[in-house]
Each structure stands twice: as structure tokens, then as C-alpha cells.
Amino acid sequence: MKRLQKDWLTQGWIDFEYQKFVILAYLQGVRQQFSDKKLFPDLTDLHDHYESVVQFRSRKGTLSANFPKDVSGIDPEKLRLRYKATVEDDSYMQELDAITAFALPRFGQARDEGRRMAAEIEADIRLEPVGVLPLRKSEGYLFLHWSSHPETHIFYFTATLFTGAYTGHRQIRTSYLESARKSLGTTFESLKRDLIRRQPHLPNPATFLVEAKRAVPLEETFLPMARQLVARVAGDSGEGA
């Protein structure tokens, strides 16, 4: 699916009919992804596009005021120069007004649809530790498992603490390690012990099982939502940056 660029509003023609086509085509693609239970990165992008339009509309007055101006005469009463904008608001900013007025509610509606779907899927996902969790929960292993399927996907994860405006918010980075089939003789605990044996540089890893009752796409839904769940737990560890 073709993603909508961050600078879509000023990319190409500043033309309502053209941008209307771009927006509708983009949202059609997003809803097709949602119908296939593929939520990411489209849900994140929708939120970013919505917020960008909100910020643009709030800054419209400042933007218009900063357009270049030419001297058009003198005010005889106030003895001040009169200026005329070289870019006419009627021909440019009103077109942008029409575009953003069209885009904003549609971005918001699609974003809300995705959020509702994400909440429904998350209600069928459980996260629990495998074995005893160490005090340091910012590095370890992530087991992704569907209840109806014996295969478990194993990832190595690290938690990174944002600074500045995002202080206290953790981002989980993952890298795929392997897949294993769970059985009576192969439990999540035995998988963890095997990882520790093969990876002695990480003798006490934080290890989480994320199990989904329903089958959802791994890359576009299950793994991103698992990262979000683990980020909440890692954020409670009390560690510094």
C-alpha cells in the first residue's frame, strides 16, 4: 500500500480536487489494511497526519501574516505605510482551508476505527512473565504465541528511554531470533533455559510471553502491540535512561 507522505499537504498541486483524490485513495488503502487486521504502521500514521492538520490550522494565521508584502501606499492619518500581500489569501490559503477541512474529520474517523479495532484485539491478548522477572527489565526475550497454533516466535528486545518531551516513555526494539514449536516436552520455561544456555552474555533476561487468542498478522499487528504491552511493563522498572 502506498503511504501518505508527511508533507502531502504542500506536495504537488495545492488544489482541492487533486488533494481530495489523494486523501480518498489513501484512506481506501488504510481501510483495506484494517479489514485484513493489519493495523500498523497505518494507525500511527493516521494519528500523525491528524495532528499535523490540527497544528497547521492553528498556525494558519501566523503563516498568512508572514507572507511577503509590497508597499501599496501611505496611511495619511497614522503616517504608516500600507502593505499588500504578494500571495493572495483568497487564492492560496482558502484552497488549503478547503483541503484541511475535508481531510481532518476523515483522518479522525479512520483513526478512531483503527483504535477501536486495536482495543478489541488487545482484549484478547495476555502478557505474562516467563519465570521470575529480574529488577532490570529493559533487555531480554519476547515469546509471541497464538493459542490455536503450536509455533512460538522468539525475539530479542531492548527498551530505550526517550528524553526531552518524551521522558518516561519507552520504545521497545526487537530483532527476530527463531521460531519453536511448543509441546508437552517443550515449554516456555524450557525455551527460556535453552536461550540462557546458548546466550551466556545474558544470564538473567527479562522474558515475556505474549499470547493471542485470535490469529492476527504478525508484523503488522501482533508484534507492534506486543511491543506496546512490554513497554508499559519495562516503564515500571524504575530504571534511569
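All values reported here derive from a predicted model rather than from experimental measurement.
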For a 4.5 angstrom cut-off between non-hydrogen side-chain atoms, does [X] reach [Y]?
X      : Y      : value
Leu229 : Phe208 : no
Arg126 : Leu209 : yes
Glu120 : Asp124 : no

Scan side-chain atoms only and decide if Gln55 and Ser58 contain a donor-acceptor pair under the 3.5 Å cut-off. no
Flag for Glu211-Ser147: side-chain donor and acceptor within less than 3.5 Å: yes
Can you tell me how far the OG1 atom of Thr174 sits from the CZ atom of Phe157, to the nearest 0.5 Å?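 Reported to 0.5 Å precision, the distance equals 10.5 Å.
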The reported gap from CZ in Arg3 to CD in Gln33 (rounded to nearest 0.5 angstrom) is 10.5 Å
Determine whether more than 12 heavy atoms belonging to other residues, nucleotides or ligands lie under 6.0 Å from atom CZ of Arg214.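 Enclosed: over 12 neighbouring heavy atoms sit under 6.0 Å from CZ of Arg214.
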Just checking Tyr176: does its OH atom have more than 12 heavy atoms from other residues, nucleotides or ligands closer to it than 6.0 angstrom? yes
Please enumerate all residues that pass ring pair (Phe, Tyr, Trp, His ring centres under 6.0 Å) together with Phe222, with sequence neighbours excluded.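 Ring pair (Phe, Tyr, Trp, His ring centres under 6.0 Å) list for Phe222, sorted by chain: Trp146.
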Given the options Phe56, Phe107, Tyr18, Tyr26, Trp8 meets ring-ring contact (aromatic ring centres under 6.0 Å, His included) only with Phe107
Measure from the side-chain N and O atoms of Lys20 to the backbone N and O of Phe102, and report whether any donor-acceptor pair falls under 3.5 Å.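 Not a single qualifying donor-acceptor pair exists.
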Those residues that, when tested against Arg198, pass side-chain contact (heavy atoms from CB on, under 4.5 Å) (two or more places apart): Glu178, Asp194, Leu195
With sequence neighbours excluded, residues passing side-chain contact (heavy atoms from CB on, under 4.5 Å) with Pro224: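 Phe40, Arg227.
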